[in-house]
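Okay, so here's the structure we're looking at.
Because the structure is predicted, anything quoted here is derived from the model rather than measured. To find a chain, count down the sequence lines: A is the first, B the second, and so on, and within it residues start at 1.
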Amino acid sequence: MRRRGINLSNQSQDLYEKISDLSRRRGIFWTSFEIYGGVAGFYDFGPVGVLIKRNIANQWLKHFVYTKENVVEVETPIINPRIVFKASGHEDHFTDPVVECLKCKRVYRADHLIKDLLKINVEGWHPENITNLIKDNNLKCPECGGELSAVFNALLLFTTQIGPYRGETAYLKPEHAQGMFINFPQLFKISRSKLPLGIAQIGRVSRNEISPRQGLLRLREFNIMEVEFFFDPEEADEEVKEVLEEIKDEKLRVITADMRLNNIEEPAEFTVNELINEKIVKTPWLAYWMGVGNRFLRSLGIPWDKIRFVEKLPHEKAHYSAQTFDQEVYTQRFEWVEVAGYAYRTTYDIERHAEYSGKDFMVFKRYEEPQVIVVEKVTPTPTTIEKIVGKENLGRVMRILSQIKPDDIAKELNTKGFIEVEGFKLPSECFQIKKEEVKVHGKKIYPHVVEPSFGLERLLYVVLEYSYHEREDKVVLRLPPYLAPYHVAVFPLLAGRKIEHIKMVSIARKIYKDLVNQGFRVLYDEEGSIGRRYARADEIGVPYAVTVDHQTIEDDTVTIRDRDTTEQIRIEISKITKFLLEKIGIGTLV
RNA sequence: GCGGCGGUCGUCUAGCCUGGAUCAGGACGCCGGCCUGCCACGCCGGAGAUCCCGGGUUCAAAUCCCGGCCGCCGCACCA
């Protein structure tokens, strides 16, 4: 028998190319705007691609939201007014200082150019100051010797306007985080004012990358799945224990910043518990979510030893982060690829939004027992003060005193014996000091934040890499059943014109309909030989295929073929549902 | 953004160096028909290419030259 098949024989193709080919052929993804020449950094997703993506997202929801009592999901706008990213620091940090050669039009990173030529670190400098530095040192284009332009900031945020006509400047969000921070006070109330509180979001973000490449791995518009997890750092050790049991023994492969500084490249193994106990993480919640993320990736079919966590070095971290780990997956062409980041954002973001909005982002933390504290109440006595400052100055001095915190006055008096106002030394006699007992029920704190954040398209790519197999020159996508675009395929063995064939088709169609109505995603196909249909289903990862054959007409049984083994079993039609639920898992039929 | 290489039906490719007879050829895939008792079987037929885009050279450009777009690799970049 002659072997046919699509062109998989091209030996020079690496996995990346094979996946790109498969994806184009079977409707997973391809580059956008192709008829107009294409635009780098944008991809379209086809019928199969959107289904797999949605399944990955559902799996994420299961791990990060639905199974976590204190995590809720929100959706916030893509377009944000400028103030949001001023407050977040993006307008200052999500930007590169750039100079252009006026002669040859080459563009340079200004900070890198100066570091190379003058050995000066200008990170964080204002563009104007960098421009002056260039002028003062008479720096020229290193390539052609031409004059350099003024330094300007290349902003990596997409810009737009709110309002079609002379609108307000706005940005497309590059991450979801701000949407959750802004809504924290509201969601905290809705969630009955309890910490810890996780706020999750899935959706599109965009980044105006300078030079996107590497297919799905670096897009200008993509989906992020993110949790902002708010907690009280003082209670973290205790509170994490309540949920740690399920994940504490999850083993992670980790390269710490220390290891990197010592040139150790091979990850060390830690359980979540060990990460916490050995103080490798700055908050136990970071380790907790890393554990959840590790298990999530394994559930996507990524082998344990192809996942690693790499701690960022201080200079690699984002402006808001106290500690960051990247979660990476090994790929054939690009080696280790970041699929998630775990950042300890502390109070940075909500403090900034509090500052810029003037709203209160603090939460009240109730003490277990009200604390009785003794406060010294300090009241100035004008008559005594007047004797020292004179009548004409009394009003002014009193006003100034009223603006100083009583605590600070008391402190001054206790240490120096007087407080100085406008050059006058006012001794204790000028104040009435009363000790009062006050019941304090709690205090206000800014919650800290840990953020696990996943790139959905990157996950799609690594999932495809690890599910891609070839069997006798044919592609088999060994997706975990709950990620497959269809749970099951239904085929009539033959679909010709004979009475028997017509019966097969009608039974198969009925099975298809029944399964769809039960919530399964089902692929029905009657075109081409049965072998060809199996092959088509294999290529998009359909885990099971039900075939209606001659025997079905006799006794209501069908065969079910397993995608990975190609083995078939025969079962009664009435038992298909039970079989599928057992194999696929009912919890995944979201 | 810089440099190198590349871009021909959905896919892989022949043709490009040495411009002209190719209506741009083939294979696989796709569609229709026949056949078919379980793994891309066979037979017949069919659709499918802006030769990446634009300009130039030439009597004549898929082919030569220039610019752009896109892709790959290296550098840079990746809050």
In whole Å, what separates the C1' atom of B:U57 from that of B:C64? 8 Å

How is A:Gln214 classified with respect to the nucleic acid when contacts are heavy atoms under 4.0 Å: base, sugar-phosphate, or nothing? sugar-phosphate

Could you identify the nucleotide paired to B:G42, looking across every strand shown and requiring Watson-Crick or G-U wobble geometry with both distances under 3.5 Å? B:C34

Measuring only the C1' atom in each nucleotide, how far is B:C66 from B:G29? A whole number of Å is fine. 38 Å

Between B:C51 and B:A62, how many Å separate the two P atoms, rounded to a whole number? 7 Å

Are A:Arg532 and B:C30 close enough that a side-chain N or O sits under 4.0 Å from OP1 or OP2? yes

Whole-angstrom distance between B:G4 and B:U8, as gauged at atom C1': 23 Å

Name the residue closer to the 5' end of RNA chain B, choosing between A:Phe334 and A:Arg26 according to the nucleotide with the nearest heavy atom. A:Arg26

Would you mind pulling out the nucleotide paired to B:A27, Watson-Crick or G-U wobble, both distances under 3.5 Å? B:U11

Under a 3.5 Å distance rule, please check whether A:Arg24 uses its side chain to pair with a backbone N or O of A:Ile19 as donor and acceptor. no

Not counting sequence neighbours, list each pair that qualifies as a ring pair (Phe, Tyr, Trp, His ring centres under 6.0 Å) and has a residue in residues 525-549 of chain A. A:Phe491-A:Tyr534, A:Tyr544-A:Phe579

Report yes if some heavy atom in the side chain of A:Val205 is under 4.5 Å from a heavy atom in the side chain of A:Glu221; otherwise report no. no

Taking a pair as Watson-Crick or G-U wobble with both distances under 3.5 Å, which nucleotide is matched to B:G71? B:C5

Which is it for A:Arg345 and A:Glu175 under the salt bridge (charged side-chain N to carboxylate O under 4.0 Å, His left out) test, yes or no, and what are the steps along the way? CA-CA 14 Å; A:Arg345 300 178 78 132; A:Glu175 59 171 14; 3.2 Å; yes

Take the protein atom CG of A:Asp21 and the nucleotide atom P of B:C28, then report the distance between them rounded to whole Å. 18 Å

Out of B:C73, B:G37, B:G10, minimum distance to the side chain of A:Glu500 belongs to B:G37

Within 45° cone and under 6.0 Å: A:Lys18 NZ/CZ vs A:Tyr468 ring: no

Taking only residues two or more places apart in sequence, or in another chain, which ones meet A:Thr331 in a side chain to side chain contact (heavy atoms under 4.5 Å, CB included)? A:Phe334, A:Val337, A:Tyr461, A:Val462, A:Glu465

Does A:Gly38 offer a backbone N or O that forms a donor-acceptor pair with the side chain of A:Thr31 under 3.5 Å? no

Distance check, P atoms only: B:A14 and B:C9, in whole angstrom units. 13 Å

Of A:Glu228, A:Arg352, A:His353, which is the lone residue that meets side chain to side chain contact (heavy atoms under 4.5 Å, CB included) with A:Gln178? A:His353

Is A:Leu156 touching bases, backbone alone, or none of the nucleic acid, heavy atoms closer than 4.0 Å? nothing

Where do N or O atoms of nucleotides 48-54 of chain B meet protein N or O atoms at under 3.5 Å, pair by pair?
residue : atom : partner : partner atom : Å
B:U50   : O4   : A:Ile35 : O            : 3.4

At under 4.0 Å between heavy atoms, what does A:Asp538 touch on the DNA or RNA strands: base, sugar-phosphate, or nothing? nothing

Pairwise C1' distance, B:C65 and B:G71 [rounded to whole Å]: 23 Å

Which residues in residues 554-575 of chain A have a heavy atom closer than 4.0 Å to any atom of RNA chain B? A:Thr559, A:Arg561, A:Thr566, A:Gln568

Return whichever of A:Gly41 or A:Arg536 has its heavy-atom-nearest nucleotide of RNA chain B closer to the 5' end. A:Arg536

Sort and list the pairs that fulfil side-chain hydrogen bond (donor to acceptor under 3.5 Å, both in side chains) and have at least one residue in residues 494-506 of chain A, not counting sequence neighbours. A:Glu500-A:His550

Pairs under 3.5 Å (N/O, protein and nucleotides 32-35 of chain B):
residue : atom : partner  : partner atom : Å
B:C34   : OP1  : A:Arg497 : NH1          : 2.6
B:C34   : OP1  : A:Arg497 : NH2          : 2.8

The side chain of A:Ala40 is closest to which nucleotide in this list: B:G71, B:U11, B:G37? B:G71

Of all the choices, B:C72, B:C38, B:G71, which nucleotide is nearest to the side chain of A:Tyr534 once you look at every atom? B:C38

N or O in side chain of A:Arg24 less than 4.0 angstrom from B:U11 OP1/OP2: yes

Counting only Watson-Crick pairs (N1-N3 plus N6-O4 or O6-N4) and G-U wobbles (N1-O2, O6-N3), all under 3.5 Å, who is the partner of B:C17? none

Does A:Thr547 make a side-chain N or O approach to OP1 or OP2 of B:C38 shorter than 4.0 Å? no

Sort out the partner of B:C64 for me: Watson-Crick or G-U wobble, both distances under 3.5 Å, none otherwise. B:G56

Rounded to whole Å, the CH2-C1' distance (A:Trp30 to B:G71) equals 18 Å

Mind checking the P distance from B:C17 to B:G55? Whole angstroms is fine. 22 Å

Distance between P atoms of B:C72 and B:C12 (Å, rounded): 14 Å

